[in-house]
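Keep in mind that the numbers below use all heavy atoms, side chains included, and drop hydrogens, waters and symmetry copies.
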There are 2 protein chains.
Amino acid sequence: METYSIKDIAKLAGVSVATVSRVINNKGKYSQQTKEKVLRIIKETNYKIDTSAQSLRTNITHTIGILVPDIENSFFANLVQKIEEKLFEKHYSTFICNTDKNEKKEKAYLTMLENKKVDGIIVISGSYRQGFTFKSSLKSIPYICIDRSPKNINETVFISSNHKQGAIDATNYLLSRHSIHPAIIMEKKNLSTSIKARLEGFKQTLDQRHIDSNVLYYSNNHSIKEFIDIHPYTDAFFAINDNLAITAIMTLKAMKIRIPEDIQVIGFDNIPSAKVIEPSLTTISQNIEEIAEVAVENILKRIQNFPNLGQQILIATHLVKRNSTY
Amino acid sequence: METYSIKDIAKLAGVSVATVSRVINNKGKYSQQTKEKVLRIIKETNYKIDTSAQSLRTNITHTIGILVPDIENSFFANLVQKIEEKLFEKHYSTFICNTDKNEKKEKAYLTMLENKKVDGIIVISGSYRQGFTFKSSLKSIPYICIDRSPKNINETVFISSNHKQGAIDATNYLLSRHSIHPAIIMEKKNLSTSIKARLEGFKQTLDQRHIDSNVLYYSNNHSIKEFIDIHPYTDAFFAINDNLAITAIMTLKAMKIRIPEDIQVIGFDNIPSAKVIEPSLTTISQNIEEIAEVAVENILKRIQNFPNLGQQILIATHLVKRNSTY
DNA sequence: ATGAAAGCGCTAACAT
DNA sequence: ATGTTAGCGCTTTCAT
């Protein structure tokens, strides 16, 4: 199969390349007749525009990069997928960059994104380095942040679930289900923007009610047993995410502790396994669809220089009641 | 921040653009001294090569497309992620194209991939249309197939788990665990290459032992109850994939049927939930790492016109024993 | 409404 | 070892 250039199309259609370009891009003036002729030839030849040439000329690639710290995480995976889907509908292609929480990889991806001249970047979470300096490298490429509070909000837009309110809802729910001594389970290392907000929501809720807030720093299953030995009155766990909730449930079951009778458990994220575990996991669900929608909308606004800088957009979560709580 | 072109670098380094290009691409001859000077300027200016221009000139994009039918499926998601990771290590970027089993989307993605002049395409599964004709559109772009038997093996490479052997292993395992009347669970619609191979492995194993092979076509949970009403002697299910296995386990438990005492269940794919469900699911695990490795290796060979056409590569599976079988 | 031509940033063939 | 230059396919300004 031969490969045609705009010159070939012009010749075959008996017009100039400028006219072909006008028709393709639906820009400038051309007669209906010319349009039909050109489009016919394009179809016949199966002509495909060369986006390298187009980008070289216009400096627009119609391509977006997504930086994601951990694509194995089902929340991130779903989010990225939804964003890609919505971007494709708007005729943008997407480079998905799984940084694996690895700074070196993140840098390599950023270089790649700059070389490929992506029109914009969506930065998702990532806490591995405090205040990672996008500024130096990304000054020229517009970007927005999801779940990562930017160093300088005035050069971007910040989008996130309302993690704090979600945690408040979770904690209040436990209390309304007669928990008197709830504890939170989290990992010591992972202190992303969103995790911090969840912790804050939990603590604040208990503070207001003058209840001690105990923190179980999970390292291995034994750390759960240990915690319960020290805090035997614990009657509920708010796990900072579903993976931790599931680990907790499995450990508690192995310890012959009944859920929810002895200890209730609530998670955060609503991952697929939450429905499958027994008892099924009560959890806080993030509105992935909405986050994706808002992210796409705002990165495109940034690209078009629409004045949306400095905005912080919080998306509501909702409680999914299942059987790990009363 | 200013943006520099190769011309600027040449001027700043006091050499010609050709020399800069040589240094950048580590091609041709240049003195150590020149190299150092050029690299220093590149670093100082934070110069980034313009891949649009490079691709326009060379017709090489260092970009690969992956066509995947359903990225929500955890097997596909992991596979795609591994492939992307390995490609990035080899300095290739990846466009992940989730076709959603939608022919129109697949076509749109293919057009995009051609416009963007990807160097190669990795086609994963997809059974939605028998013998989808890549030929017309992909004659020019090298591609390889994973889990989708190509119409013409002589223009590609076919890579897949050994699904048939996996199914044989699963079936034999059930029989070795004293199952006398195993049945297979599958969906009527989904007849991808790999699903067919699994079914074949199941049937062939039972045929050889002169055992009737019953097929439960799953449509909803009631179809499971119905099947058991009609085939009350069923003592084991081989589910064509883990999702179906998990659905079956949940339904059977709701029916107060004990697993594995009354009915054993074995799945295929080893998705994350398989560990979480109770009883945990015995399943056949695919070697995703290996498939990804082989896929990357072979698409790069195709791109370099290395003679690997017509090959069929089968990757071994392995049995993961858990508690849904004896 | 259409065409001619410059030029985006790069590579590679050719010259020195 | 280094420089000069044509040209990849496209868009866009300026003519007409």
Side-chain angles (χ1 to χ4, degrees), chain A residues 1-39 41-42 45-63 91 111-112 114-119 140, chain B residues 1-39 41-42 45-63 91 111-112 114-119 140:
Chain A
M1 185 173 67
E2 215 179 326
T3 159
Y4 296 88
S5 82
I6 199 171
K7 253 188 190 163
D8 302 319
I9 305 302
K11 200 173 290 171
L12 287 169
V15 297
S16 73
V17 288
T19 299
V20 175
S21 174
R22 287 188 189 103
V23 171
I24 289 172
N25 297 293
N26 193 19
K27 222 177 196 174
K29 291 179 180 293
Y30 45 84
S31 71
Q32 180 62 23
Q33 201 185 4
T34 309
K35 177 182 172 179
E36 280 165 15
K37 196 167 43 182
V38 170
L39 289 182
I41 302 289
I42 286 180
T45 53
N46 192 28
Y47 164 75
K48 294 274 164 24
I49 203 168
D50 185 319
T51 53
S52 303
Q54 202 176 34
S55 301
L56 174 60
R57 185 54 228 247
T58 61
N59 257 315
I60 294 171
T61 56
H62 278 274
T63 305
H91 309 292
T111 299
M112 183 272 276
E114 288 186 278
N115 289 340
K116 300 254 165 151
K117 293 195 299 189
V118 295
D119 298 337
S140 43
Chain B
M1 185 173 65
E2 213 179 327
T3 159
Y4 296 87
S5 81
I6 199 171
K7 254 188 190 161
D8 302 319
I9 305 302
K11 198 173 294 172
L12 287 169
V15 296
S16 74
V17 289
T19 300
V20 176
S21 175
R22 287 186 189 104
V23 171
I24 290 172
N25 296 294
N26 194 19
K27 223 177 197 175
K29 292 178 178 293
Y30 45 83
S31 71
Q32 180 63 21
Q33 201 186 5
T34 308
K35 178 182 171 178
E36 279 165 15
K37 196 166 45 179
V38 170
L39 289 182
I41 301 289
I42 286 180
T45 53
N46 193 27
Y47 163 76
K48 294 275 163 25
I49 202 167
D50 185 320
T51 53
S52 304
Q54 202 176 34
S55 302
L56 174 60
R57 185 55 229 247
T58 60
N59 257 314
I60 293 171
T61 56
H62 278 275
T63 304
H91 308 291
T111 299
M112 183 272 275
E114 288 186 279
N115 290 339
K116 300 255 165 148
K117 293 196 298 189
V118 295
D119 298 337
S140 41

Please report the distance, rounded to the nearest Å, between CD1 in A:Ile6 and P in D:dG7.
19 Å

Think A:Ser16 has a side-chain N or O under 4.0 angstrom from the OP1 or OP2 of C:dA4?
no

Sugar-phosphate only, base, or nothing, as touched by A:Thr34 at under 4.0 Å among non-hydrogen atoms:
sugar-phosphate

Which of these passes side chain to side chain donor-acceptor pair (under 3.5 Å) with A:Lys48: A:Asp50, A:Thr45, A:Thr51, A:Asn46?
A:Asn46

Of the options D:dC8, D:dG9, C:dT2, whose atoms approach the side-chain atoms of A:Leu56 most closely?
D:dG9

Just call it for A:Thr19: base, sugar-phosphate, or nothing, with non-hydrogen atoms closer than 4.0 Å on any strand.
sugar-phosphate

For D:dT11 and A:Thr58 - does any side-chain N or O of the residue sit under 4.0 Å from the phosphate oxygens OP1/OP2?
no

Within the supplied structure, the quantity of interest is the number of heavy atoms (other residues, nucleotides, ligands) at a distance under 6.0 Å from B:Lys37 NZ; does it exceed 12?
yes

Taking any heavy-atom pair under 4.0 Å as a contact, classify B:Asn25: base, sugar-phosphate, or nothing.
sugar-phosphate

At under 4.0 Å between heavy atoms, what does B:Val17 touch on the DNA or RNA strands: base, sugar-phosphate, or nothing?
base

Heavy-atom closest contact (B:Lys116 atom, B:Thr61 atom, distance):
O-CG2, 3.5 Å

What are the two closest non-hydrogen atoms of A:Ala13 and A:Val38, and how far apart are they?
CB-CG2, 4.2 Å

Of D:dT4, D:dC10, D:dG3, the nucleotide closest to the side chain of A:Gln54 is D:dC10

Nearest listed nucleotide, side chain of A:Arg22, among D:dC14, D:dG3, D:dC8
D:dC14

The side chain of B:Asp50 is closest to which nucleotide in this list: C:dG3, C:dG9, D:dT11?
C:dG9

Does A:Ser31 place a side-chain N or O at less than 4.0 Å from the phosphate oxygens OP1/OP2 of C:dT2?
yes

May I ask you to say what B:Tyr47 touches in the nucleic acid, namely base, sugar-phosphate or nothing, with a heavy-atom cut-off under 4.0 Å?
sugar-phosphate

Toward the 5' end of DNA chain D, which comes first, B:Tyr30 or B:Ala53, by nearest nucleotide?
B:Tyr30

Among D:dG3, C:dA6, D:dC8, which nucleotide sits nearest the side chain of B:Val15?
D:dG3

